[in-house]
Amino acid sequence: MPELPEVETVRRGLEPHVVGLSIEDVWVGDSKILQVEAQRLTQDVLGQTIQGLSRRGKYLLFELDSHYLIFHFGMTGQLTFRDPNRPDCQGFRRHPVTGLQRALQHAPDRHTHLLIRFRQGGAVLFRDIRKFGKVFLIEKGEDVLSAFFGGLGLEPFTPAYNLPAFLKRFRNRKLAIKSLLLNQAFVAGIGNIYADEALFNAGIHPSRKIRSIRIVERERLFKAITQVLKRGIEYGGTSFRDFVNSDGEAGSHQEKLMVYGRQGESCHRCGTLIQKIVIGQRSSSFCSTCQPRGGPQPGLCIGSRHEAAKVPP
DNA sequence: AACCTTCCCTGATGGC
DNA sequence: TGCCATCAGGGAAGGT
């Protein structure tokens, strides 16, 4: 599921391919994913040049001459570059060892819903099996982006993501901390995988009420969030099922996960079996020893937490 | 206002 | 072999 690190991976992979190219043709498959009328999309972007690629939370932005073309990947969205000088992969294959789907460069198929072809050659394909993804088109203008992203919270890796701002958004509610992390109005870009990983790094049980989280724990969470996101980007994103980068290749961060998807396996730090529960309709994996339900236990040395954590082989 | 549930959608998987 | 139920979940919308 593309979260901040996966979207950033796509952005970085796509950027050198597409910046400077001008749009020659647009083809729409299932227009359900479009948040703009297909005809208007085609009409408005034809002939425009891609000025740059940026990201806000889980959104990927194509800056055009007069518009922003904005993608959200939902659960299974894939955005790949199709290079005319490279052969297409025949169909979709499963990786023999990891079982992950490896699409590589591909021709449009029944799940391809948008294709943007460039005058200089090549195309960008948006493919989305479950169709939870969305494509937006907004005209440039004063503050259009701040209006569009008005509901989004702090952006990690920017000056806006600072401890005072983070603590300020920590309202003392009854909600589980896990649910707060999934709320894009709190910190933008965190999804189920990185929420679980950040809570593990911070030593916080996902079910704990927001108001019960102590200041020192909030500070640990503040650091843990950027730690896990950074690590996700370093390993090219997490490919649990469908995620592929702009070249159609899987990421490798799934091999580095500490808790997500590891229920029944032993904790890399302490050996306790990882548990899975449901919080707010979302699965949550955690280690009951490293993330005690009652909060920090007297005598537990929190400071050594990160040093003690072994990286999966 | 805060919080919870339902819905959208397809493919993989397991039971029978 | 097929058939059906279940699960995965981001975010919007509707309900309490």
* Asked: More 5' along DNA chain B: A:Leu175 or A:Lys32, using each one's nearest nucleotide?
  -> A:Leu175
* Asked: Do A:Thr289 and A:Thr272 have side-chain atoms, one donor and one acceptor, less than 3.5 Å apart?
  -> yes
* Give a yes-or-no answer on whether the side chains of A:Arg127 and A:Thr112 include a donor-acceptor pair shorter than 3.5 Å. => no
* Between A:Leu64 and A:Gln51, is any pair of side-chain heavy atoms under 4.5 Å apart? -> no
* Measure the distance from CD1 on A:Ile190 to C1' on C:dG11 and round it to the nearest whole Å. => 16 Å
* Tell me whether the guanidinium CZ or amine NZ of A:Lys140 lies under 6.0 angstrom from the six-membered ring centre of A:Tyr68 and within 45° of its axis. => yes
* To do: Looking only at side-chain atoms of A:Ile129, point me to the closest of B:dA2, B:dT6, B:dG11.
  => B:dG11
* A:His111 vs B:dC9: side-chain N/O to OP1/OP2 distance below 4.0 Å -> no
* To do: Report the nucleotide, chosen from C:dA12, C:dG10, B:dG11, that has the shortest atom-to-atom distance to any side-chain atom of A:Arg110.
  => B:dG11
* To do: Check whether the side chains of A:Ser283 and A:Tyr260 place a donor and an acceptor atom closer than 3.5 Å, and report yes or no.
  => no
* Structure fact -> The single option from A:Phe126, A:Phe136, A:Tyr59 that satisfies side-chain contact (heavy atoms from CB on, under 4.5 Å) with A:Phe71 is A:Phe126
* Whole angstrom is fine here: how far is it from CD1 in A:Ile33 over to P in B:dT10? => 13 Å
* **Interatomic distance, A:Glu6 CD vs C:dG10 C1' [rounded to whole Å]** => 13 Å
* **Separation of atom CD1 in A:Ile279 from atom C1' in B:dC4, rounded to whole Å** => 14 Å
* Just how far, in rounded Å, is C1' of C:dG11 from CZ of A:Phe148? -> 13 Å
* **Most 5' of A:Lys276 and A:Lys58 on DNA chain C, judged by nearest nucleotide** => A:Lys276
* Structure fact -> In terms of heavy-atom contacts, A:Ser288 and A:Gln275 come closest through OG-NE2, 3.2 Å
* Looking at residues 178-187 of chain A, who's got a heavy atom less than 4.0 Å off DNA chain C? -> A:Gln184
* Asked: Checking all strands, does A:Lys134 fall into the base, sugar-phosphate, or nothing category for heavy-atom contacts under 4.0 angstrom?
  -> nothing
* Closest to the A:Arg173 side chain: C:dA8, C:dA12, B:dA2? -> B:dA2
* Asked: Using a cut-off of 4.0 Å on non-hydrogen atoms, how would the nucleic acid contact of A:Tyr194 be classed: base, sugar-phosphate, or nothing?
  -> nothing
* Structure fact -> Side-chain contact check for A:Gln281: nearest option of B:dT6, C:dA8, B:dA2 is B:dT6
* **Any donor-acceptor N or O pair under 3.5 Å, side chains A:Gln254, A:Thr238** => no
* To do: Grab the CZ-P distance between A:Arg130 and C:dT6 for me, whole Å please.
  => 17 Å
* Starting from P on B:dA12, measure out to CZ on A:Phe240 and report it in whole angstrom. => 16 Å
* Within the pair A:Lys131 and B:dT10, is there a side-chain N or O less than 4.0 Å away from OP1 or OP2? -> yes
* To do: Whole angstrom is fine here: how far is it from CD in A:Glu3 over to P in C:dG10?
  => 6 Å
* Can you check whether any acceptor in the base of C:dG10 is under 3.5 Å from a donor in the side chain of A:Arg282, or vice versa? => yes
